[in-house]
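Working notes, beginning with the structure itself.
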Amino acid sequence: MKIRAAQLLLLFAFVLAWGLLTDPRVPGFYFDNPDKAAFFFGEPLKVLARLADWFVGGDIYPHLGVTLLETLLAFVLGTAGGIAMGLWLGLARTAAAILDPYIKGLNAMPRVILAPIFMVWFGLGMASKVALGITLVFFIVFFNVYQGVREVSPVVLANARMLGAGQRQLLRHVYMPSALSWVFASLHNSVGLAFVGAVVGEYLGSAEGVGYLIHQAEGVFDINTVIAGILLLTGFALVLDAAVGWIESRLMVWQPHTGESSQL
Amino acid sequence: MSDSACSLELDRITCRFSSRDAPGTPYIALAEASLTVRTGEFVAVVGPTGCGKSTLLNVAAGLLAPSSGTVRVHGEALIGINRRSGYMFQADALMPWRSALDNVTAGLEFRGMPREEARLRGHGWLQRVGLGGFATRYPHQLSGGMRKRVALAQMLVLDPEILLMDEPFSALDIQTRQLMENELLALWSANRKSVIFITHDLEEAISLADRVVVLSAGPATHPIGEFVIDLPRPRDVAEVRLTPRFVELHTQIWHAMKGEVMKAYAAQYAPVDAR
(Lines give C-alpha, C1' and ligand atoms only; values in the text may rest on other atoms or scores of the structure.)
Protein backbone atom coordinates (compact mmCIF):
# COMPACT_ATOMS: atom_id res chain seq x y z
CA MET A 1 0.00 0.00 0.00
CA LYS A 2 2.87 2.34 0.78
CA ILE A 3 4.37 1.53 -2.60
CA ARG A 4 1.05 2.36 -4.28
CA ALA A 5 0.87 5.70 -2.43
CA ALA A 6 4.42 6.53 -3.49
CA GLN A 7 3.57 5.67 -7.08
CA LEU A 8 0.55 7.99 -7.05
CA LEU A 9 2.59 10.72 -5.40
CA LEU A 10 5.24 10.42 -8.12
CA LEU A 11 2.58 10.72 -10.83
CA PHE A 12 1.02 13.72 -9.12
CA ALA A 13 4.41 15.44 -8.68
CA PHE A 14 5.28 14.85 -12.33
CA VAL A 15 1.97 16.21 -13.63
CA LEU A 16 2.18 19.16 -11.26
CA ALA A 17 5.70 20.03 -12.41
CA TRP A 18 4.66 19.59 -16.01
CA GLY A 19 1.63 21.85 -15.45
CA LEU A 20 3.57 24.57 -13.68
CA LEU A 21 6.43 24.63 -16.17
CA THR A 22 4.13 24.88 -19.17
CA ASP A 23 1.56 27.32 -17.77
CA PRO A 24 1.80 30.59 -19.76
CA ARG A 25 1.07 32.55 -16.55
CA VAL A 26 4.23 31.24 -14.93
CA PRO A 27 7.25 33.12 -16.20
CA GLY A 28 9.49 30.79 -18.20
CA PHE A 29 13.11 30.50 -17.11
CA TYR A 30 14.37 28.88 -20.31
CA PHE A 31 12.12 30.16 -23.08
CA ASP A 32 11.99 33.91 -23.73
CA ASN A 33 8.28 33.66 -24.53
CA PRO A 34 6.09 31.97 -21.84
CA ASP A 35 3.85 30.42 -24.52
CA LYS A 36 6.72 28.45 -26.01
CA ALA A 37 6.87 25.85 -23.24
CA ALA A 38 3.20 25.05 -23.79
CA PHE A 39 3.77 24.90 -27.53
CA PHE A 40 6.55 22.30 -27.22
CA PHE A 41 5.36 20.24 -24.27
CA GLY A 42 1.60 20.67 -24.10
CA GLU A 43 -0.40 21.42 -20.99
CA PRO A 44 -1.75 18.65 -18.76
CA LEU A 45 -5.14 20.30 -18.23
CA LYS A 46 -5.66 20.75 -21.94
CA VAL A 47 -4.57 17.19 -22.59
CA LEU A 48 -7.11 16.03 -20.02
CA ALA A 49 -9.79 18.27 -21.58
CA ARG A 50 -9.01 16.79 -24.99
CA LEU A 51 -9.39 13.24 -23.63
CA ALA A 52 -12.66 14.11 -21.92
CA ASP A 53 -13.86 15.81 -25.07
CA TRP A 54 -13.08 12.70 -27.09
CA PHE A 55 -14.92 10.32 -24.83
CA VAL A 56 -17.89 12.58 -23.99
CA GLY A 57 -18.28 13.86 -27.54
CA GLY A 58 -17.83 10.32 -28.86
CA ASP A 59 -15.47 11.31 -31.66
CA ILE A 60 -12.83 8.88 -30.52
CA TYR A 61 -14.81 5.63 -30.54
CA PRO A 62 -14.67 4.83 -34.26
CA HIS A 63 -10.94 5.59 -34.36
CA LEU A 64 -10.24 3.62 -31.21
CA GLY A 65 -12.36 0.77 -32.50
CA VAL A 66 -10.39 0.61 -35.74
CA THR A 67 -7.04 0.65 -33.95
CA LEU A 68 -8.09 -2.02 -31.45
CA LEU A 69 -9.56 -4.22 -34.17
CA GLU A 70 -6.34 -3.98 -36.17
CA THR A 71 -4.34 -4.79 -33.06
CA LEU A 72 -6.47 -7.79 -32.15
CA LEU A 73 -6.48 -9.18 -35.69
CA ALA A 74 -2.71 -8.82 -35.96
CA PHE A 75 -2.26 -10.36 -32.52
CA VAL A 76 -4.54 -13.34 -33.11
CA LEU A 77 -3.40 -14.09 -36.67
CA GLY A 78 0.29 -13.53 -35.91
CA THR A 79 0.10 -15.70 -32.79
CA ALA A 80 -1.77 -18.50 -34.56
CA GLY A 81 0.71 -18.44 -37.43
CA GLY A 82 3.66 -18.35 -35.05
CA ILE A 83 2.35 -21.31 -33.07
CA ALA A 84 1.62 -23.39 -36.18
CA MET A 85 4.98 -22.63 -37.79
CA GLY A 86 6.87 -23.06 -34.51
CA LEU A 87 5.30 -26.48 -33.90
CA TRP A 88 6.01 -27.58 -37.45
CA LEU A 89 9.64 -26.47 -37.58
CA GLY A 90 10.27 -27.56 -34.00
CA LEU A 91 9.28 -31.09 -34.97
CA ALA A 92 10.60 -31.23 -38.55
CA ARG A 93 14.36 -31.07 -38.06
CA THR A 94 15.31 -31.20 -41.73
CA ALA A 95 12.94 -28.42 -42.77
CA ALA A 96 14.20 -26.32 -39.85
CA ALA A 97 17.80 -26.84 -40.89
CA ILE A 98 17.04 -25.79 -44.47
CA LEU A 99 15.00 -22.72 -43.53
CA ASP A 100 17.27 -21.64 -40.68
CA PRO A 101 19.26 -18.85 -42.44
CA TYR A 102 16.10 -17.39 -44.01
CA ILE A 103 14.28 -17.27 -40.71
CA LYS A 104 17.27 -15.63 -39.07
CA GLY A 105 17.41 -13.09 -41.89
CA LEU A 106 13.70 -12.27 -41.74
CA ASN A 107 13.92 -11.86 -37.99
CA ALA A 108 16.96 -9.59 -38.20
CA MET A 109 15.29 -7.38 -40.81
CA PRO A 110 13.81 -4.10 -39.45
CA ARG A 111 10.31 -5.12 -40.42
CA VAL A 112 8.62 -1.77 -39.75
CA ILE A 113 10.12 -0.74 -43.08
CA LEU A 114 7.68 -3.14 -44.75
CA ALA A 115 4.78 -0.78 -43.91
CA PRO A 116 4.98 1.23 -47.17
CA ILE A 117 5.14 -1.99 -49.21
CA PHE A 118 2.08 -3.35 -47.44
CA MET A 119 0.28 -0.11 -48.26
CA VAL A 120 1.03 -0.63 -51.93
CA TRP A 121 -0.15 -4.23 -51.69
CA PHE A 122 -3.17 -3.94 -49.42
CA GLY A 123 -4.20 -0.29 -49.74
CA LEU A 124 -4.70 2.35 -47.08
CA GLY A 125 -7.38 0.43 -45.19
CA MET A 126 -7.06 -1.92 -42.25
CA ALA A 127 -5.45 -4.82 -44.13
CA SER A 128 -2.04 -3.14 -44.48
CA LYS A 129 -1.92 -2.33 -40.74
CA VAL A 130 -2.91 -5.85 -39.80
CA ALA A 131 -0.25 -7.23 -42.13
CA LEU A 132 2.42 -5.07 -40.50
CA GLY A 133 1.29 -6.15 -37.02
CA ILE A 134 1.39 -9.81 -38.07
CA THR A 135 4.99 -9.59 -39.25
CA LEU A 136 5.96 -8.11 -35.89
CA VAL A 137 4.00 -10.58 -33.75
CA PHE A 138 4.68 -13.71 -35.78
CA PHE A 139 8.42 -13.93 -35.23
CA ILE A 140 8.29 -13.41 -31.50
CA VAL A 141 5.71 -16.15 -31.02
CA PHE A 142 7.35 -18.38 -33.60
CA PHE A 143 10.76 -18.33 -31.93
CA ASN A 144 9.28 -19.03 -28.53
CA VAL A 145 7.19 -21.98 -29.69
CA TYR A 146 10.14 -23.32 -31.67
CA GLN A 147 12.29 -23.13 -28.57
CA GLY A 148 9.51 -24.63 -26.42
CA VAL A 149 9.15 -27.64 -28.71
CA ARG A 150 12.90 -28.14 -28.85
CA GLU A 151 13.22 -28.04 -25.09
CA VAL A 152 10.53 -30.57 -24.23
CA SER A 153 11.98 -32.78 -21.51
CA PRO A 154 13.16 -36.02 -23.19
CA VAL A 155 12.15 -37.98 -20.09
CA VAL A 156 8.57 -36.68 -20.14
CA LEU A 157 8.46 -37.47 -23.85
CA ALA A 158 9.79 -41.01 -23.37
CA ASN A 159 7.34 -41.53 -20.50
CA ALA A 160 4.38 -40.43 -22.64
CA ARG A 161 5.51 -42.81 -25.37
CA MET A 162 5.75 -45.66 -22.88
CA LEU A 163 2.24 -44.81 -21.68
CA GLY A 164 1.08 -45.43 -25.24
CA ALA A 165 0.87 -41.96 -26.76
CA GLY A 166 0.94 -41.90 -30.58
CA GLN A 167 2.37 -39.03 -32.63
CA ARG A 168 -0.81 -36.94 -32.50
CA GLN A 169 -1.24 -37.51 -28.78
CA LEU A 170 2.38 -36.51 -28.18
CA LEU A 171 1.69 -33.29 -30.08
CA ARG A 172 -1.54 -32.61 -28.22
CA HIS A 173 -0.51 -33.72 -24.72
CA VAL A 174 3.24 -33.08 -24.57
CA TYR A 175 4.57 -30.69 -27.20
CA MET A 176 1.69 -28.19 -27.10
CA PRO A 177 1.40 -27.79 -23.32
CA SER A 178 5.17 -27.57 -23.06
CA ALA A 179 5.33 -24.90 -25.75
CA LEU A 180 2.40 -23.02 -24.20
CA SER A 181 4.44 -21.74 -21.28
CA TRP A 182 6.91 -20.27 -23.76
CA VAL A 183 4.05 -18.80 -25.80
CA PHE A 184 2.72 -16.86 -22.84
CA ALA A 185 6.13 -15.45 -22.08
CA SER A 186 6.09 -14.04 -25.59
CA LEU A 187 2.48 -12.84 -25.67
CA HIS A 188 3.18 -9.92 -23.36
CA ASN A 189 5.75 -8.70 -25.86
CA SER A 190 3.70 -9.46 -28.91
CA VAL A 191 0.50 -7.73 -27.79
CA GLY A 192 2.54 -4.53 -27.48
CA LEU A 193 4.03 -5.08 -30.92
CA ALA A 194 0.63 -5.71 -32.48
CA PHE A 195 -0.28 -2.27 -31.19
CA VAL A 196 2.90 -0.77 -32.63
CA GLY A 197 2.08 -2.32 -36.00
CA ALA A 198 -1.42 -0.86 -36.02
CA VAL A 199 -0.43 2.63 -34.90
CA VAL A 200 2.68 2.94 -37.10
CA GLY A 201 0.65 1.74 -40.05
CA GLU A 202 -2.04 4.33 -39.38
CA TYR A 203 0.56 7.00 -38.85
CA LEU A 204 2.15 6.36 -42.21
CA GLY A 205 -1.07 6.51 -44.18
CA SER A 206 -4.72 6.03 -43.36
CA ALA A 207 -8.02 7.84 -42.89
CA GLU A 208 -8.99 6.47 -39.49
CA GLY A 209 -7.51 5.18 -36.25
CA VAL A 210 -5.72 6.74 -33.30
CA GLY A 211 -2.41 6.82 -35.22
CA TYR A 212 -4.17 8.85 -37.90
CA LEU A 213 -5.49 11.30 -35.26
CA ILE A 214 -1.98 11.76 -33.88
CA HIS A 215 -0.58 12.31 -37.34
CA GLN A 216 -3.28 14.92 -38.10
CA ALA A 217 -2.62 16.74 -34.83
CA GLU A 218 1.10 16.81 -35.49
CA GLY A 219 0.42 18.38 -38.87
CA VAL A 220 -1.11 21.42 -37.17
CA PHE A 221 1.33 21.42 -34.19
CA ASP A 222 -1.47 20.54 -31.78
CA ILE A 223 0.84 18.99 -29.22
CA ASN A 224 -1.95 18.53 -26.63
CA THR A 225 -3.88 16.21 -28.91
CA VAL A 226 -0.72 14.29 -29.76
CA ILE A 227 -0.03 13.69 -26.06
CA ALA A 228 -3.67 12.79 -25.44
CA GLY A 229 -3.42 10.20 -28.22
CA ILE A 230 -0.21 8.79 -26.77
CA LEU A 231 -1.76 8.51 -23.31
CA LEU A 232 -4.82 6.81 -24.76
CA LEU A 233 -2.65 4.25 -26.58
CA THR A 234 -0.56 3.64 -23.47
CA GLY A 235 -3.69 3.01 -21.42
CA PHE A 236 -5.07 0.51 -23.88
CA ALA A 237 -1.71 -1.25 -24.25
CA LEU A 238 -1.75 -1.75 -20.48
CA VAL A 239 -5.31 -3.07 -20.61
CA LEU A 240 -4.40 -5.57 -23.33
CA ASP A 241 -1.33 -6.67 -21.39
CA ALA A 242 -3.45 -7.19 -18.27
CA ALA A 243 -5.91 -9.25 -20.34
CA VAL A 244 -3.08 -11.52 -21.50
CA GLY A 245 -1.88 -11.82 -17.91
CA TRP A 246 -5.38 -12.78 -16.79
CA ILE A 247 -5.70 -15.50 -19.44
CA GLU A 248 -2.23 -16.74 -18.56
CA SER A 249 -3.08 -17.10 -14.88
CA ARG A 250 -6.18 -19.11 -15.88
CA LEU A 251 -4.42 -21.46 -18.28
CA MET A 252 -1.11 -21.90 -16.53
CA VAL A 253 -2.25 -22.99 -13.08
CA TRP A 254 0.18 -25.90 -13.23
CA GLN A 255 3.19 -23.64 -13.25
CA PRO A 256 4.95 -22.92 -9.99
CA HIS A 257 4.82 -19.21 -9.22
CA THR A 258 7.93 -17.59 -7.94
CA GLY A 259 7.85 -17.54 -4.17
CA GLU A 260 5.35 -20.38 -3.94
CA SER A 261 6.88 -23.34 -2.17
CA SER A 262 7.11 -26.55 -4.13
CA GLN A 263 6.83 -28.68 -1.02
CA LEU A 264 3.84 -29.31 1.18
CA MET B 1 15.17 -70.49 -25.94
CA SER B 2 11.52 -69.53 -26.55
CA ASP B 3 10.39 -70.76 -23.19
CA SER B 4 6.74 -69.82 -22.59
CA ALA B 5 7.51 -69.03 -18.95
CA CYS B 6 9.99 -66.46 -20.18
CA SER B 7 8.33 -63.07 -20.42
CA LEU B 8 11.26 -60.95 -21.56
CA GLU B 9 14.37 -62.04 -23.31
CA LEU B 10 17.28 -59.85 -24.37
CA ASP B 11 19.37 -61.89 -26.77
CA ARG B 12 22.95 -60.80 -27.49
CA ILE B 13 22.17 -57.08 -27.50
CA THR B 14 24.88 -54.76 -28.80
CA CYS B 15 24.49 -50.97 -28.79
CA ARG B 16 26.95 -48.70 -30.56
CA PHE B 17 26.82 -44.92 -30.43
CA SER B 18 28.85 -42.57 -32.57
CA SER B 19 30.92 -40.59 -30.11
CA ARG B 20 31.36 -36.87 -30.48
CA ASP B 21 35.01 -36.80 -29.40
CA ALA B 22 36.22 -39.39 -31.87
CA PRO B 23 33.79 -39.62 -34.82
CA GLY B 24 35.60 -42.58 -36.42
CA THR B 25 35.43 -44.94 -33.47
CA PRO B 26 31.94 -45.72 -32.16
CA TYR B 27 31.32 -46.00 -28.44
CA ILE B 28 30.10 -49.47 -27.57
CA ALA B 29 27.69 -49.25 -24.65
CA LEU B 30 26.47 -52.85 -24.63
CA ALA B 31 28.28 -55.84 -26.09
CA GLU B 32 26.47 -59.12 -26.59
CA ALA B 33 24.46 -58.59 -23.44
CA SER B 34 21.84 -61.28 -22.78
CA LEU B 35 19.27 -61.33 -20.04
CA THR B 36 16.06 -63.26 -19.50
CA VAL B 37 13.25 -62.59 -17.10
CA ARG B 38 10.80 -65.34 -16.27
CA THR B 39 7.13 -64.55 -15.80
CA GLY B 40 6.59 -63.20 -12.32
CA GLU B 41 10.27 -62.89 -11.58
CA PHE B 42 11.85 -59.85 -9.93
CA VAL B 43 15.29 -59.32 -11.45
CA ALA B 44 17.60 -56.62 -10.18
CA VAL B 45 20.42 -55.45 -12.38
CA VAL B 46 23.40 -53.88 -10.64
CA GLY B 47 26.51 -52.41 -12.11
CA PRO B 48 28.96 -49.59 -11.61
CA THR B 49 28.05 -46.05 -12.64
CA GLY B 50 27.95 -45.31 -16.34
CA CYS B 51 27.97 -48.95 -17.36
CA GLY B 52 24.95 -48.76 -19.63
CA LYS B 53 22.25 -50.01 -17.28
CA SER B 54 19.76 -47.47 -18.59
CA THR B 55 20.68 -48.33 -22.17
CA LEU B 56 19.81 -51.94 -21.46
CA LEU B 57 16.44 -50.93 -20.05
CA ASN B 58 15.69 -48.56 -22.94
CA VAL B 59 16.32 -51.44 -25.33
CA ALA B 60 13.94 -53.64 -23.34
CA ALA B 61 11.32 -50.86 -23.46
CA GLY B 62 11.70 -50.42 -27.19
CA LEU B 63 12.68 -46.77 -26.76
CA LEU B 64 16.07 -47.58 -28.27
CA ALA B 65 16.70 -50.01 -31.13
CA PRO B 66 19.83 -52.11 -30.55
CA SER B 67 22.61 -52.13 -33.16
CA SER B 68 22.35 -55.91 -33.17
CA GLY B 69 20.57 -58.58 -31.18
CA THR B 70 16.89 -59.21 -30.52
CA VAL B 71 14.42 -58.46 -27.79
CA ARG B 72 11.67 -61.02 -27.40
CA VAL B 73 8.51 -60.45 -25.40
CA HIS B 74 6.75 -63.71 -24.64
CA GLY B 75 8.68 -65.25 -27.51
CA GLU B 76 7.77 -62.55 -30.06
CA ALA B 77 10.44 -60.26 -31.46
CA LEU B 78 9.88 -56.69 -30.31
CA ILE B 79 9.32 -53.97 -32.90
CA GLY B 80 8.82 -50.39 -31.70
CA ILE B 81 7.61 -49.58 -28.20
CA ASN B 82 7.16 -52.51 -25.83
CA ARG B 83 3.40 -52.24 -25.26
CA ARG B 84 3.38 -54.93 -22.62
CA SER B 85 5.73 -53.07 -20.35
CA GLY B 86 5.55 -50.11 -18.01
CA TYR B 87 8.56 -47.92 -17.42
CA MET B 88 9.46 -45.98 -14.31
CA PHE B 89 12.16 -43.41 -14.88
CA GLN B 90 14.95 -42.23 -12.64
CA ALA B 91 14.20 -38.56 -13.29
CA ASP B 92 10.81 -36.91 -12.84
CA ALA B 93 8.76 -37.97 -15.83
CA LEU B 94 5.32 -36.69 -14.84
CA MET B 95 3.70 -34.15 -17.13
CA PRO B 96 3.92 -30.93 -15.09
CA TRP B 97 0.77 -29.54 -16.73
CA ARG B 98 -1.38 -32.41 -15.53
CA SER B 99 -2.68 -32.91 -12.02
CA ALA B 100 -1.78 -36.08 -10.12
CA LEU B 101 -5.01 -37.76 -11.22
CA ASP B 102 -4.65 -36.66 -14.84
CA ASN B 103 -1.10 -37.99 -14.86
CA VAL B 104 -2.28 -41.36 -13.60
CA THR B 105 -5.08 -41.53 -16.18
CA ALA B 106 -2.88 -40.32 -19.08
CA GLY B 107 -2.03 -43.82 -20.28
CA LEU B 108 -5.69 -44.93 -20.14
CA GLU B 109 -6.66 -41.80 -22.07
CA PHE B 110 -4.03 -42.50 -24.74
CA ARG B 111 -5.52 -45.97 -25.08
CA GLY B 112 -8.96 -44.48 -25.64
CA MET B 113 -10.69 -45.42 -22.40
CA PRO B 114 -13.81 -43.35 -21.61
CA ARG B 115 -12.98 -40.48 -19.26
CA GLU B 116 -15.28 -41.52 -16.42
CA GLU B 117 -13.93 -45.04 -16.23
CA ALA B 118 -10.34 -43.81 -16.47
CA ARG B 119 -10.90 -41.38 -13.59
CA LEU B 120 -12.45 -44.10 -11.49
CA ARG B 121 -9.46 -46.38 -11.98
CA GLY B 122 -7.05 -43.50 -11.53
CA HIS B 123 -8.63 -42.61 -8.19
CA GLY B 124 -8.38 -46.23 -7.11
CA TRP B 125 -4.66 -46.31 -7.85
CA LEU B 126 -3.99 -42.96 -6.21
CA GLN B 127 -5.59 -44.36 -3.08
CA ARG B 128 -3.50 -47.52 -3.28
CA VAL B 129 -0.29 -45.49 -3.34
CA GLY B 130 -1.57 -43.37 -0.46
CA LEU B 131 -2.36 -40.19 -2.36
CA GLY B 132 -6.17 -40.31 -2.34
CA GLY B 133 -6.40 -36.73 -1.11
CA PHE B 134 -3.93 -35.29 -3.62
CA ALA B 135 -5.72 -35.93 -6.91
CA THR B 136 -5.96 -32.27 -7.91
CA ARG B 137 -2.39 -31.32 -7.00
CA TYR B 138 0.09 -30.53 -9.73
CA PRO B 139 3.51 -32.22 -9.66
CA HIS B 140 5.27 -29.07 -8.45
CA GLN B 141 2.97 -29.07 -5.43
CA LEU B 142 4.03 -32.59 -4.43
CA SER B 143 7.16 -33.76 -2.62
CA GLY B 144 9.74 -35.97 -4.33
CA GLY B 145 8.36 -39.11 -2.69
CA MET B 146 4.80 -38.23 -3.67
CA ARG B 147 5.82 -37.68 -7.27
CA LYS B 148 7.37 -41.16 -7.28
CA ARG B 149 4.10 -42.59 -5.95
CA VAL B 150 2.19 -40.87 -8.73
CA ALA B 151 4.67 -42.27 -11.26
CA LEU B 152 4.20 -45.74 -9.77
CA ALA B 153 0.41 -45.43 -10.02
CA GLN B 154 0.75 -44.04 -13.54
CA MET B 155 2.62 -47.18 -14.56
CA LEU B 156 0.55 -49.73 -12.65
CA VAL B 157 -2.88 -48.41 -13.67
CA LEU B 158 -2.18 -49.75 -17.16
CA ASP B 159 -1.63 -53.21 -15.68
CA PRO B 160 1.54 -53.95 -17.69
CA GLU B 161 2.94 -57.49 -17.71
CA ILE B 162 6.51 -56.32 -17.38
CA LEU B 163 7.77 -53.52 -15.13
CA LEU B 164 10.95 -51.77 -16.15
CA MET B 165 12.36 -49.64 -13.37
CA ASP B 166 15.42 -47.45 -13.78
CA GLU B 167 16.76 -46.51 -10.33
CA PRO B 168 13.30 -45.16 -9.54
CA PHE B 169 14.01 -44.35 -5.90
CA SER B 170 17.61 -43.16 -6.14
CA ALA B 171 16.69 -39.50 -5.65
CA LEU B 172 14.79 -40.14 -2.40
CA ASP B 173 16.10 -39.94 1.13
CA ILE B 174 16.81 -43.27 2.80
CA GLN B 175 13.63 -43.48 4.94
CA THR B 176 11.27 -42.55 2.10
CA ARG B 177 13.17 -44.91 -0.11
CA GLN B 178 12.72 -47.91 2.19
CA LEU B 179 9.03 -47.09 2.55
CA MET B 180 8.66 -47.00 -1.21
CA GLU B 181 10.59 -50.25 -1.60
CA ASN B 182 8.29 -51.99 0.85
CA GLU B 183 5.25 -50.62 -0.92
CA LEU B 184 6.61 -51.76 -4.25
CA LEU B 185 7.11 -55.26 -2.87
CA ALA B 186 3.58 -55.30 -1.45
CA LEU B 187 2.06 -54.16 -4.75
CA TRP B 188 4.22 -56.59 -6.69
CA SER B 189 3.40 -59.63 -4.57
CA ALA B 190 -0.33 -58.95 -5.03
CA ASN B 191 -0.11 -60.03 -8.69
CA ARG B 192 3.42 -61.00 -9.55
CA LYS B 193 4.60 -59.07 -12.57
CA SER B 194 7.93 -59.61 -14.24
CA VAL B 195 10.31 -56.87 -13.13
CA ILE B 196 13.66 -55.55 -14.23
CA PHE B 197 14.88 -53.22 -11.53
CA ILE B 198 18.03 -51.27 -12.34
CA THR B 199 20.06 -49.95 -9.46
CA HIS B 200 23.62 -49.20 -8.45
CA ASP B 201 22.78 -49.99 -4.84
CA LEU B 202 23.56 -53.63 -4.10
CA GLU B 203 21.61 -53.67 -0.82
CA GLU B 204 18.49 -52.43 -2.59
CA ALA B 205 18.97 -55.08 -5.28
CA ILE B 206 19.31 -57.98 -2.82
CA SER B 207 16.47 -56.90 -0.56
CA LEU B 208 14.00 -56.60 -3.47
CA ALA B 209 14.90 -59.23 -6.04
CA ASP B 210 14.62 -62.93 -6.76
CA ARG B 211 17.75 -62.76 -8.84
CA VAL B 212 20.57 -60.21 -9.07
CA VAL B 213 22.46 -59.77 -12.32
CA VAL B 214 25.84 -58.05 -12.16
CA LEU B 215 27.00 -56.03 -15.16
CA SER B 216 30.59 -55.34 -16.12
CA ALA B 217 31.97 -51.81 -16.21
CA GLY B 218 31.47 -49.91 -19.45
CA PRO B 219 32.24 -49.70 -22.31
CA ALA B 220 31.08 -52.98 -23.87
CA THR B 221 28.94 -53.85 -20.88
CA HIS B 222 27.65 -57.39 -20.49
CA PRO B 223 26.42 -59.49 -17.54
CA ILE B 224 29.26 -61.13 -15.62
CA GLY B 225 27.39 -62.93 -12.90
CA GLU B 226 23.96 -64.02 -11.67
CA PHE B 227 22.94 -64.68 -8.11
CA VAL B 228 19.72 -66.26 -6.93
CA ILE B 229 18.40 -64.50 -3.83
CA ASP B 230 16.77 -67.16 -1.70
CA LEU B 231 15.66 -64.86 1.11
CA PRO B 232 12.12 -65.72 2.21
CA ARG B 233 9.18 -63.49 1.26
CA PRO B 234 7.38 -61.41 2.33
CA ARG B 235 10.38 -59.27 3.14
CA ASP B 236 10.80 -56.03 4.98
CA VAL B 237 13.61 -54.25 3.17
CA ALA B 238 14.98 -52.69 6.35
CA GLU B 239 14.88 -55.85 8.44
CA VAL B 240 16.05 -58.31 5.82
CA ARG B 241 19.36 -56.45 5.66
CA LEU B 242 20.20 -57.62 9.16
CA THR B 243 19.82 -61.35 8.46
CA PRO B 244 22.99 -63.50 8.13
CA ARG B 245 21.93 -64.84 4.73
CA PHE B 246 21.66 -61.27 3.42
CA VAL B 247 25.16 -60.46 4.60
CA GLU B 248 26.43 -63.66 3.04
CA LEU B 249 24.84 -62.88 -0.33
CA HIS B 250 26.04 -59.30 -0.13
CA THR B 251 29.63 -60.42 0.45
CA GLN B 252 29.42 -62.90 -2.40
CA ILE B 253 27.98 -60.47 -4.94
CA TRP B 254 30.14 -57.58 -3.83
CA HIS B 255 33.16 -59.80 -4.40
CA ALA B 256 32.07 -60.28 -8.01
CA MET B 257 31.29 -56.59 -8.46
CA LYS B 258 34.30 -55.04 -6.81
CA GLY B 259 36.68 -55.41 -9.73
CA GLU B 260 34.17 -53.75 -12.07
CA VAL B 261 33.50 -50.90 -9.70
CA MET B 262 37.22 -50.22 -9.44
CA LYS B 263 37.50 -50.30 -13.24
CA ALA B 264 34.63 -47.82 -13.58
CA TYR B 265 36.20 -45.63 -10.93
CA ALA B 266 39.58 -45.66 -12.66
CA ALA B 267 37.92 -44.84 -16.01
CA GLN B 268 36.12 -41.88 -14.47
CA TYR B 269 39.25 -40.38 -13.07
CA ALA B 270 41.45 -41.04 -16.10
CA PRO B 271 39.07 -40.15 -18.91
CA VAL B 272 41.86 -39.46 -21.44
CA ASP B 273 43.20 -42.95 -21.96
CA ALA B 274 39.89 -44.71 -21.27
CA ARG B 275 37.58 -45.42 -24.21
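Chain letters run A, B, ... following the sequence lines, proteins first, then strands; residues in each count from 1. Values below: all heavy atoms of this structure, side chains included; hydrogens, waters and symmetry mates excluded.
In this structure, chain A has heavy atoms under 4.5 Å from both the backbone and the side chain of B/Ser85. When heavy atoms are compared at a cutoff of 4.5 Å, B/Gln90 does not approach chain A at all. Contacts of B/Asp92 with chain A are made by backbone atoms alone, with heavy-atom separations under 4.5 Å and no side-chain atom involved.
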Donor-acceptor pairs under 3.5 Å, side chain of residues 181-203 of chain A to any protein atom, not counting sequence neighbours: which ones?
| unit_1 | atom_1 | unit_2 | atom_2 | d |
| --- | --- | --- | --- | --- |
| A/Ser181 | OG | A/Ser178 | O | 3.0 |
| A/Ser186 | OG | A/Val183 | O | 2.5 |
| A/His188 | ND1 | A/Asp241 | OD1 | 2.8 |
| A/His188 | NE2 | A/Glu248 | OE1 | 3.0 |
| A/Ser190 | OG | A/Ser186 | O | 3.1 |
| A/Ser190 | OG | A/Leu187 | O | 3.2 |
| A/Glu202 | OE1 | A/Thr67 | OG1 | 3.2 |
| A/Glu202 | OE1 | A/Val210 | N | 3.2 |
| A/Glu202 | OE1 | A/Gly211 | N | 2.7 |
| A/Glu202 | OE2 | A/Thr67 | OG1 | 2.9 |
| A/Tyr203 | OH | A/Glu218 | OE1 | 2.4 |

Let me have the donor-acceptor pairs involving side chains of residues 99-113 of chain A, under 3.5 Å, with sequence neighbours excluded, atom names and distances please.
| unit_1 | atom_1 | unit_2 | atom_2 | d |
| --- | --- | --- | --- | --- |
| A/Asp100 | OD2 | A/Lys104 | NZ | 3.0 |
| A/Arg111 | NE | A/Thr135 | O | 2.9 |
| A/Arg111 | NH1 | A/Leu106 | O | 3.2 |
| A/Arg111 | NH1 | A/Asn107 | O | 3.0 |

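Side-chain N or O atoms of B/Arg72 include none that pairs as donor or acceptor with a backbone N or O of B/Glu9 at under 3.5 Å. Proximity of a side-chain donor or acceptor of A/Tyr175 to a complementary backbone N or O of A/Leu87 within less than 3.5 Å is not detected.
At a heavy-atom cut-off of under 4.5 Å, chain B is reached by A/Val155, A/Val156, A/Ala158, A/Asn159, A/Ala160 from residues 147-160 of chain A, listed in order of number. When the heavy atoms of residues 72-86 of chain A are compared with those of chain B, none of the residues falls under 4.5 Å.
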For this session: Show the numbers, then the answer: is there a salt bridge (Lys or Arg N to Asp or Glu O under 4.0 Å) between B/Glu117 and B/Arg121?
Result: CA-CA 6 Å; B/Glu117 196 185 340; B/Arg121 288 202 198 179; 3.1 Å; yes

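Per-residue heavy-atom pair counts under 4.5 Å with chain A were compared for B/Arg111, B/Met155, B/Met88, and the maximum is reached by B/Arg111. Interface check for chain A: of the options B/Ile81, B/Leu108, B/Leu164, the most heavy-atom pairs under 4.5 Å are formed by B/Ile81. For the set B/Tyr87, B/Phe89, B/Phe110, the entry with the most heavy-atom pairs within less than 4.5 Å of chain A is B/Phe110.
Between B/Thr199 and B/Glu204, the side chains place a donor N or O and an acceptor N or O closer than 3.5 Å (distance only, hydrogens not considered).
Relative ring orientation between A/Phe142 and A/Phe139 is described as perpendicular, the plane-to-plane angle rising above 60° on a 0-90° scale split at 30° and 60°.
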